[in-house]
Amino acid sequence: MQVIYSEKHALHDPVRAFANGMELQHVESPARAERILEAAETAGHDIVSARSYGPGVLESVHAAELVAYLRGAYEPWVEAGMSPDGVIPSTFPRRPPREASRAVKGRAGRFCFDTETPIGARTFEAAFASAACALTGADLLAGGARAAYALCRPPGHHAGPDYFGGYCYVNNAALAAEWLRTGGGEPVRVAVLDLDYHHGNGTQEIFYESGDVLYVSVHADPRAAYPYYWGFADERGAGAGEGRNLNLLLPENTAEDDYRSVLGDALKAVGEFRPEYLVVSLGTDTAGEDRLGSFGLSVESFRRLGRRVAGAGLPILVVQEGGYNLETIGPCVTEFLAGLEGQ
Ligand code: Q9C
Ligand code: ZN
């Protein structure tokens with residue numbers, strides 16, 4: 001399978017996050033992508049470079065103000081005497097601000113929703129390259145490929161229409177889905193199946209009122225798990241998107257059997273939607289060894305998941321989201337891809 005990669009991911013190497021009332025070493029590290037790349041090479045996949053896209057492409061799913069902020073946030077932050085390790089806000093608006101703040105620290109909270117998603121000197125370049133990996137995958141599918149894997153880093157599914165957070169800056173899966181939806185002239189239906197441990201609040205909100213894009217997510221119950229304020233079962237879409245958003249919640253500590261049964265429900269919804277393409281947001285933070293998740297999937301489970309997803313019989317673009325165990329992230333991904341290829 002074609003594995004789309006950009007070495008520019010390494011330009012983003014967040015130093016710290018603030019969580020749990022503590023300063024923590026950041027877990028979304030360049031090593032994640034390096035481990036996946038090594039495993040993909042060992043498994044014999046075809047590593048291809050991301051193509052180039054104009055910066056305007058980000059505005060197909062994001063507000064221009066968000067993109068401009070991400071591009072320009074770092075320099076004024078450092079010039080104002082804040083940490084050169086990256087922009088991390090500490091004050092957040094509880095309602096839309098009536099005007100842009102004149103204060104660097106006021107602007108820092110405008111688009112970001114947490115204290116774990118720092119903007120470093122070259123974060124924007126890395127995020128844009130990550131998006132380019134997903135878009136290249138979309139192009140491969142549009143050109144007739146049956147499957148492709150975008151090795152995206154940083155991840156994307158927590159980034160919404162005009163906000164970012166959860167280690168995500170721009171929404172790679174949403175950009176690919178939108179590219180596939182509109183790429184061939186007449187808009188076509190696209191389904192996004194999100195298998196990260198966490199609900200993909202950003203993807204949900206980007207397509208919430210879209211009749212063309214079905215968003216289905218299998219994730220940990222937000223009553224107990226991040227992102228806490230999104231991902232409930234009664235979030236079903238609105239307007240033309242009514243009924244086209246499906247959140248399937250699992251309790252903490254879910255093991256493979258229950259996970260697969262709910263994946264079956266998710267794939268049934270995808271099938272009934274009759275899309276032309278399927279974009280899979282794949283997080284391996286569902287693995288038992290992952291420090292951010294509580295589920296009990298094994299490395300071998302991912303092959304069985306891949307086989308099930310292949311059963312949808314659609315062209316499939318897999319986009320990398322989370323997954324933080326450096327020992328298992330590579331094998332989990334390559335097992336999933338082997339299952340997708342029917343092995
Ligand atoms: N102390 C993705 O998997 N909170 N993002 C973790 C750790 C943030 C996860 C708390 C989790 C974000 C793409
Ligand atoms: Zn996650």
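Reckoned from all heavy atoms, side chains included, excluding hydrogens, waters and symmetry mates. When a ligand or atom number is given, it counts from 1 through the structure's own listing order. Predicted, not measured: the structure shown is a model, and the values here were computed from it.
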Fill in the blank from the handout: The N/O/S atom of D285 lying closest to the Zn ion (ligand 2) is OD2
Handout entry: Distance-only N or O hit between ligand 1 and G166, under 3.5 Å
Key = yes
Practice task
Please report which non-hydrogen protein atom sits nearest to atom 1 (N) of ligand 1, along with the residue it belongs to and the distance in Å to one decimal place.
Solution key: N20 ND2, 3.4 Å
Practice task
For residues W230 and F113, establish whether the separation of their ring centroids is below 6.0 Å.
Solution key: yes
Completion exercise
Which of T203, D194, N245 passes side-chain hydrogen bond (donor to acceptor under 3.5 Å, both in side chains) with Y215? Answer is D194
Exercise for the section: Give a yes/no verdict on a cation-pi contact between R189 and F273, requiring under 6.0 Å between NZ or CZ and the six-membered ring centre and an angle within 45° of the axis. Expected result: yes
Practice task
Pull out every atom of ligand 1 sitting under 4.0 Å from any heavy atom of H157, numbered as shown with elements.
Solution key: 13 (C)
Practice task
Decide whether the shortest distance between a heavy atom of Y197 and an atom of ligand 1 is less than 4.0 Å.
Solution key: no
Handout entry: Heavy atom of E28, distance to ligand 1 below 4.0 Å
Key = no
With a 3.5 Å cut-off and sequence neighbours excluded, list the donor-acceptor pairs that the side chains of residues 44-51 form with protein atoms.
| unit_1 | atom_1 | unit_2 | atom_2 | d |
| --- | --- | --- | --- | --- |
| H45 | ND1 | M1 | N | 3.2 |

Handout entry: Atoms of ligand 1 close to P155 [distance to a heavy atom under 4.0 angstrom, numbered from 1]
Key = 13 (C)
Completion exercise
For D196, the atoms of ligand 1 under 4.0 Å from one of its heavy atoms are 3 (O)
Problem - Where ligand 1 meets H158 - atom numbers and elements under 4.0 angstrom, heavy-atom basis - result: 2 (C), 5 (N), 9 (C), 13 (C)
Exercise for the section: Could you give me the CA-CA distance, side-chain angles and deciding distance for Y226 and H158, then say whether ring-ring contact (aromatic ring centres under 6.0 Å, His included) is met? Expected result: CA-CA 10 Å; Y226 186 94; H158 296 304; 5.2 Å; yes
Problem - E116: numbered ligand 1 atoms lying under 4.0 Å from its heavy atoms - result: 4 (N), 6 (C), 7 (C), 8 (C), 10 (C)
Exercise for the section: Taking atom CD of Q343 as the centre, report whether more than 12 heavy atoms of other residues, nucleotides or ligands fall under 6.0 Å from it. Expected result: yes
Completion exercise
min-distance N/O/S atom, H198 vs the Zn ion (ligand 2), resolves to ND1
Problem - Short N or O distance, E321 and ligand 1, threshold 3.5 Å exclusive - result: no
Problem - Numbered atoms of ligand 1 (with element) below 4.0 Å of D285, judged on heavy atoms - result: 3 (O)
Exercise for the section: Return the name of the atom in D196, of element N, O or S, nearest to the Zn ion (ligand 2). Expected result: OD1
